[in-house]
Structures are given as C-alpha cells and as structure tokens.
Engineer: 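Would you mind keeping the following structure in view while I ask a few things?
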Amino acid sequence: MTKSLLLAASALTLISTGPASAQEGEHPCLDELCATVSIVGRDATAAQSTGLVHGTEAPRFGTWGFDMAGRDTSVAPGDDFNRFANGRFLDALEIPADRTRYGAFDMLAELSENRLRTLVEDLAQRTDLEAGSDEGKIQTLYDSFMDVDRVEQLDDQPIQPFLAAVRATTTHAEMSALMGSSFRGNGRALFGSFVNDDARNPEVYEAYLAQGGLGLPNRDYYLEARFADKLAAYRAYVEQMLTMVGWADPVAAADAVVAFETRLAQAHWTPTESRNRDRTYNPMTVAELEAAAPGIDWRTFLGAAGFGDHDRFIVAQNTAFAPMAQAFAEAPVSTLQAWQAFAIVDQAAPLLSQRFVDANYAFRLRELGGQPEQRSRERRGVAYTEGLMGQPLGRLYVERWFPPESRAQMQELVANLRRAMAARIQTLAWMSPETRAEALAKLELFNVKIGYPDQWRDYSGLDIQAGDLVGNQQRARAFEWNFRLGRLGGPVDNDEWGMTPQTVNAYYSSTKNEIVFPAAILQPPFFDPSADPAVNYGGIGGVIGHEIGHGFDDQGRKSDGTGALREWWTPEDETRFEAQTARLGAQYDSYEALPGFHVQGGLTMGENIGDLAGVTLALEAYHLSLDGQPAPVIDGTTGDQRIFYGWAQVWRAAMREARMQQMIATDPHSPTQFRVIGPLRNIDAWYEAFGVTPGNAYYLAPEDRVRLW
C-alpha cells in the first residue's frame, strides 16, 4: 500500500496503466491534485512575488519564502488560520476556466507541465530523431495528437473493431473472456486486477483482485440522493455515447447500463471500508473464487487476462464479489454488451474526433468537476504523451531542471525529520517498551528516494505508431500489463519508482517501507534553498514528516520495518492509539466543506494523521536544527510562526463546488482549508505562537487535543 500527499491520478493522463483500485500497489497522491495545470499570460513580476507561474521559471514567495501580502490579518489566527495566512491571496485567486481547482500545488504542477511542453515541442521540431528511440516516440506521440485533420477524418473508426468484438459476444463466458482481455486493451472488467508486492510477503510480487465496474466516481453517486442530478446526467451521457457509435436502441441500453451499475454499487464496499488493510487481504485460489462468487467464468476471465495457471489471488472487498458475480450472471448479454461498448467509447473519447472530445469533456469535466472550459489541444497533447512516456520525459526533465544540490539538501532535511520522529517515539507516554522497540526498528529501516530513479525504465518494447492515438493507448496498456504480469511470483524490485520525477507529489510505500520525493515537488513553496529554513521546514519538512507519519498511521502502522503486514503492537497500545484516532476522526467529521458535505473522518483518517505528524515533526526537527541557538525573528515573525506559515502556504487553494462534492465522496484527503486548520489546533506550540485563546473558533482545550506521534 502506498500513501502520499495527493490522491487523484493525473488529470493530464488520458490512459491508465496502473492498478484498477486504491488497494495495494496504487500510488495515491499527496493531496487531491496530482496533475499539471495551465495558465498562460501571467505577469512575471507578480509571479515572482506571489508564487504564480510564468513559463518555466520556478515561483518565488515573498522575500524569505512566505507571501506576507497574501495574509488576511482581519481574521484572528484561532478563528480560521487558513484565512489568516492565505485570505487575501484566496480573495484575489481566480480558478482558470480549464481547471476545477487552483492553488499552490497547482502552480507547481503548472510549472511542471510548462516544462514538459517545452521539452515536447522542442523534440517536435527535431529532424534527426530515430523513430525507435525514446525521443522519437515522444515526437511521434505528440505529432499524432496534433494532427487534427487525421483525427477528424478517422472519427470513430479506431474503436469500431473493438465494438465489433463486443457485438460478437453471445454468452456470459465470452463476456468473461472479453473482460479479462481488457487489461491489455480497451474496455473494462467487473473486477480490477493488478500485480504488486505481497503485503504479507513483500519480497515477492502477487496478483490482486478488487471491486470495479462503475462508470461514476464511486457507489455514492448511484445510491445517495445528493448525487441524483449527477446520476441523471450520467444516464444521458451513456445514451449519448452509445448513440454516437450507432449502438442499437441506445435509450433502452443506457437504462440497462445504469441499472446494472447501480446493482454493482449496492454490493461495493464504501471507500472507508476499503481502507482497512486487514480486511482487504484475503488470499484465494481459483477454486475458492468459483465457490465464493459463482456467476463469473473465473478461469476464462483470468486466463484471458494472462494469468495462466497462477492460483493465488489476494482479494480486496471479498464480500462484494458474490453479489457482483450474481449481478453479472443475471444480466442479459445485451446489457453486458452495452456496458462494455460504453466503456470502450468513454475511454477512447478524448482521442477521437471533436464531437467525442466535446461530449466527454461536457460530462466528465464540466458536469462532474465543474470545469467551465476544455483545455487547449496543445496541453492535452502533452498530457497524452506523458501518459504513455512519462518516465522518458522525466529523464529529460531531470537533466534540464533538477539541480544535484537539491538532493543533498533534502537528505539533510530527511535526516533531521527522522531524528525528530525517533525522539518522539522514545518519549511517548502511551507506548509500551515492546512496541517502542519495533517502532524504532521500523524507522531505522526507512528507505528514502529523492528526485529521480537511479535506473530508468526500458521502453524499447513499446510500439508507437504515427497517427494511431487509440492504438498507441491500447499498446501502452498492454505493454504495462505484460510488464507487471511478467513479474508475478518473482522478487520485488526495490529500486522501482511509483511516480515520475515531474510529478508534484510524494508518497510512502508500506510494503517497501520507503518515502519518495520526486524532483518536481522540491521547489517553492515546498522547498527553496534561498528561503528562511523555518519556512522550508513548514513546507517540505511538513511533507517529509507527513510521509514518515504514514508509516505509523492507522493503516501504515500495520506493516513492520521489512514491509510485512503483521501484528507488532501490543493489544494495549493498539487500544490507546485507536482511542486517540477516534477523537481525531470526530474532529474531522464536524468539518462541513459545503452544505450537506461533511468531511469523512474515517475515510480521511490516514491523511489526517499524516498531516498531524508532518507539522509536529517539522516543528521538532527545526528546533533540533538550531543546535540550541534561538530562532531569528524576521519581519516580526518567530521561527515557530514561520513553520506554521510555511505549512499553511502549501495548501492555499480554491476549488469548484462540483469538484469539492466529488472530493468529499471519494478522496481520502481532507479539503485544503482543513489540512491547514485540522492539525494545527492539536499542536500546543500553535496556540503559543499566535495567542489562540478559548474565545477563538478553533480553540481546543489541552485535554481535547489529539497527541499521537
């Protein structure tokens, strides 16, 4: 299992070759954003003073790392610290028309995208590239995406062979095979599958199965009245897409598809339930799958996926499999055909002619996310190229924009954060000596990756063809799936990275017991070599502490120092820990992001613990770095104040209402305003730094503050 500062997969990536569900092996992001974004025409001077992005230049924040002019000092720090630290900036912030949110993360992500666009467009002008080289493939991908005349001429021809294969299915067994083959092609399966480190034996790769089959973000969109308008819009979108490809009786087909998916949603576990690593580790043989969930031709399904005679699968939401398989068995073949056909056109739509692009954007981005305008074709072309050749682009990114000294400075920061965590563990009053020894051993075994991988992935086997956008997408999926499948049962590659260097993100992997910081996040406002150290500790130090904290959150703590999922806590320590986390969850349950949309304390628990650990450790590490000397006062601010300012600054952002609704329902991260407020009100030093008193809105009595790590 991996956890990180951002959650959602890149909005730029038009294909998905990774895990099908947020289970073992997926690399969720540090926050709800893990994408590069686009704003052009920003004023260069304003960009340098407020952090706005201009071209490929790294942003700057104030004169010593924090944007003092962005504060709203009319708000008391204890009434809303996010407003106090970021309010004037937020008041002036406009979300770009082609985005669903914008803020500090997005600005860095925009910088990353601008740099990628520079790389891609530079390569597009070259005439000396070999077609089979990484650079040649990047050139071919981008040029093909930008060949609008050919895309319009082809219209829906690229997907018609896949739709013909769907029409040719006449039995449930044939549909089982088609679902299995979708892992290396087009379409979807009722159950997601991926190959990743075995959580209980993390030295080898194992196969996982998880619930799937839905076209909306999760079960809530089908079952809760507050999403009734989205469900109605989805049903219309299904009908629209089937009509556009000439599917028979699209009205009845759309009704059947939505009814089928609603039945699947009723069987699905909630996102909160799916977080539990003990409950989602259920090894089963094929025979046991057949007995537990009859209705699917399991051997045909798994055989078509390429598993051969492999006979061990780790099932995530095991109790959901039987009702889902029953729904499949009882659905008419015509319903399953329409369900599969819609998935094919929906996935391919961004790569087809403009009528498909527009329809897909109107529902997926405007309706579900509230995005007013489509992104430019150039931006989408870079996204398409990165989606298929992300690591080769990352190699070029690092060569051009990542200074080696950043690695060295990060190593020092990480070392100080680890010292801080060790000091905290050694003094925890609620932890027994037995658990303490195991926790310190786990911390000692933490692996750290900074910037970029030491070994780059070989893409020579990926077949890229000019003018074949959909085919390139399919071949990229097959290339990735076959790569993962070929590792099944073999030793885990501990040098592998789960993110590209240009990703604005960081993550913790519980099965590898490692923390990873890609190059793109090592820039202002997170990390600035010229900034005041306290601001850096509040920014990137908080991120480092956040990822360390994931190793000891409510789920990450279940793995030991080797990455193995096992019990290493005494029952008494576990009880005391869970009493504290229950109190933390109740705090977040009380936060209302929009009317009727409260933060889910259970769903966001791991990230909330990570945030609390992040700020706590950043504060302690900064004090350790002073070696007993007093912190300087800068512009009237103390060192502790600057740490809290640095933390608040990285989360300043605005979000569209529809995107916020989706986040609350699906995302294990709290909205950004509560990522500022939530952890700080549990830290004594924040009260002292800003004079927070019982009369303030977010005041907590000392006995009510949650104290974990």
Side-chain angles (χ1 to χ4, degrees), residues 6 8-17 29 33-42 53-58 96-100 102 105-126 129 133-148 150-151 348-352 354 357 360-361 364-365 371 373-402 459 462 464 466-470 472-473 476 499-505 518-521 523:
L6 294 162
S10 172
L12 292 179
T13 303
L14 301 182
I15 68 166
S16 175
T17 55
C29 305
L33 173 76
C34 187
T36 48
V37 295
S38 161
I39 296 294
V40 295
R42 295 286 189 183
V53 171
H54 180 73
T56 60
E57 302 171 15
D98 64 349
R99 300 302 303 164
T100 60
Y102 201 65
F105 261 102
D106 315 70
M107 292 170 187
L108 261 196
E110 176 187 352
L111 173 66
S112 187
E113 184 193 80
N114 289 348
R115 290 171 171 177
L116 292 181
R117 183 175 179 181
T118 297
L119 291 171
V120 169
E121 292 183 344
D122 285 351
L123 290 174
Q125 302 301 315
R126 297 268 298 271
L129 299 178
S133 66
D134 286 350
E135 290 82 357
K137 290 176 180 178
I138 291 169
Q139 182 187 66
T140 299
L141 287 169
Y142 185 70
D143 286 349
S144 297
F145 193 91
M146 297 307 297
D147 188 353
V148 177
R150 175 169 173 77
V151 173
L351 308 179
L352 300 177
Q354 195 63 41
V357 171
N360 180 266
Y361 152 74
R364 291 289 177 198
L365 297 176
Q371 181 176 317
E373 292 182 7
Q374 175 65 287
R375 308 186 70 218
S376 72
R377 189 161 192 92
E378 290 80 6
R379 301 285 180 181
R380 289 181 283 129
V382 173
Y384 171 73
T385 305
E386 186 189 14
L388 275 61
M389 297 287 288
Q391 196 169 111
L393 271 171
R395 175 174 53 82
L396 299 175
Y397 176 97
V398 167
E399 291 172 357
R400 192 159 173 178
W401 282 294
F402 186 63
Y459 279 76
L462 176 58
I464 299 298
D468 190 10
L469 303 187
V470 174
N472 288 333
Q473 173 177 276
M499 292 176 181
T500 62
Q502 65 270 25
T503 303
V504 182
N505 198 359
I521 199 172
Q523 301 174 96

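Quantities reported herein were computed from a predicted structural model and do not represent experimental measurements. FYI, side chains are in, hydrogens and waters are out, and symmetry mates aren't considered; it's all heavy atoms of this structure.
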Engineer: Nearest 0.5 Å please: distance from the OH atom of Tyr142 over to the CG atom of Leu116.
Structural biologist: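 Here the rounded value is 11.5 Å.
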
Engineer: Let me confirm one number: the OG1-CG distance from Thr118 to Leu396, rounded to the nearest 0.5 Å.
Structural biologist: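 Between atom OG1 of Thr118 and atom CG of Leu396 there are 12.0 Å.
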
Engineer: If you define the side chain from C-beta out and look only at heavy atoms, does anything of Gln523 sit under 4.5 Å from Val504?
Structural biologist: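 They are not in side-chain contact.
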
Engineer: How close do Val398 and Pro501 get, counting heavy atoms only, and between which atoms?
Structural biologist: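 Distance-wise, the nearest heavy atoms are CG2-CB, 3.6 Å.
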
Engineer: Can you see which heavy atom on Gln374 is nearest to which on Gln371, and at what distance?
Structural biologist: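 That closest heavy-atom pairing would be CA-NE2, 4.2 Å.
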
Engineer: Return yes if a side-chain donor-acceptor contact under 3.5 Å exists between Tyr102 and Glu110, otherwise no.
Structural biologist: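 Per modelled atom types, Tyr102 and Glu110 side chains form a pair under 3.5 Å.
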
Engineer: What distance do Leu365 atom CG and Asn360 atom CG have between them, rounded to the nearest 0.5 Å?
Structural biologist: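 One finds 6.5 Å between CG of Leu365 and CG of Asn360.
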
Engineer: Do Glu373 and Arg99 have side chains that get closer than 4.5 Å, going by heavy atoms?
Structural biologist: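 Sidechains of Arg99 and Glu373: no contact.
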
Engineer: Can you find a heavy atom in the side chain of Leu393 that is under 4.5 Å from one in the side chain of Val120?
Structural biologist: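 Yes; the side chains approach each other to less than 4.5 Å.
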
Engineer: For the residue pair Gln139 and Arg126, what are the closest heavy atoms and their distance?
Structural biologist: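 Shortest heavy-atom contact: NE2-O, 2.7 Å.
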
Engineer: How many angstroms lie between atom CG of Leu123 and atom OG1 of Thr140, to the nearest 0.5 angstrom?
Structural biologist: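 Leu123 atom CG to Thr140 atom OG1 measures 10.5 Å (nearest 0.5 Å).
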
Engineer: Do Trp401 and Ser112 pass the side-chain contact (heavy atoms from CB on, under 4.5 Å) test, and can you show the C-alpha distance, the side-chain angles, and the key distance before you say yes or no?
Structural biologist: CA-CA 10 Å; Trp401 282 294; Ser112 187; over 6 Å; no

Engineer: What are the two closest heavy atoms between Ala476 and Leu388, and how far apart are they?
Structural biologist: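 Looking at all heavy atoms of both residues, the shortest contact is CB-CG, 3.6 Å.
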
Engineer: What residue pairs, at least two apart or across chains, pass salt bridge (charged side-chain N to carboxylate O under 4.0 Å, His left out) with a residue in residues 136-148?
Structural biologist: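 Counting only pairs at least two positions apart or across chains, no salt bridge (charged side-chain N to carboxylate O under 4.0 Å, His left out) contact touches residues 136-148.
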
Engineer: Do Gln502 and Glu386 have side-chain atoms, one donor and one acceptor, less than 3.5 Å apart?
Structural biologist: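 Their side chains do contain a donor-acceptor pair, which is all the 3.5 Å distance test asks for.
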
Engineer: For Val357 and Leu352, run side-chain contact (heavy atoms from CB on, under 4.5 Å): C-alpha distance rounded to whole Å, both residues' side-chain angles, the deciding distance at 0.1 Å, then the answer.
Structural biologist: CA-CA 7 Å; Val357 171; Leu352 300 177; 5.7 Å; no

Engineer: With rounding to the nearest 0.5 angstrom, report the CD to OG1 distance, Glu113 to Thr56.
Structural biologist: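 Spacing of CD (Glu113) from OG1 (Thr56) equals 13.0 Å.
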
Engineer: Can you find a pair of side-chain heavy atoms, one from Tyr459 and one from Ile138, that are under 4.5 Å apart?
Structural biologist: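 Heavy-atom side-chain distance check fails, nothing below 4.5 Å.
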
Engineer: Looking at Gly467 and Ser144, what are the two nearest heavy atoms and their distance?
Structural biologist: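 Smallest heavy-atom distance, with atoms named: N-OG, 2.7 Å.
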
Engineer: Given side chains that start at C-beta, do those of Pro350 and Tyr384 come closer than 4.5 Å, heavy atoms only?
Structural biologist: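 No, side chains not in contact.
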
Engineer: Under 4.5 Å between any side-chain heavy atoms of Glu135 and Arg395, yes or no?
Structural biologist: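 In contact.
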
Engineer: Distance from Thr385 atom OG1 to Met146 atom CE, nearest 0.5 Å?
Structural biologist: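 Between atom OG1 of Thr385 and atom CE of Met146 there are 9.5 Å.
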
Engineer: Report yes if the side chains of Leu469 and Phe145 come closer than 4.5 Å at any heavy-atom pair, otherwise no.
Structural biologist: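 With C-beta onward as the side chain, the pair touches.
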
Engineer: For Arg377, enumerate each residue passing the salt bridge (charged side-chain N to carboxylate O under 4.0 Å, His left out) test, keeping only those at least two apart in sequence or located in another chain.
Structural biologist: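 Residues passing salt bridge (charged side-chain N to carboxylate O under 4.0 Å, His left out) with Arg377: none at all.
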
Engineer: Are Arg400 and Arg115 packed together at the side-chain level, in the sense that at least one heavy-atom pair is separated by less than 4.5 angstrom?
Structural biologist: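 A side-chain contact is absent here, since even the closest heavy-atom pair is not under 4.5 Å.
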
Engineer: I'd like to know whether Gln354 forms a side-chain contact (heavy atoms from CB on, under 4.5 Å) with Val148, so could you lay out the CA-CA distance, the side-chain angles of the two residues, the decisive distance to 0.1 Å, and finally the verdict.
Structural biologist: CA-CA 9 Å; Gln354 195 63 41; Val148 177; 5.9 Å; no

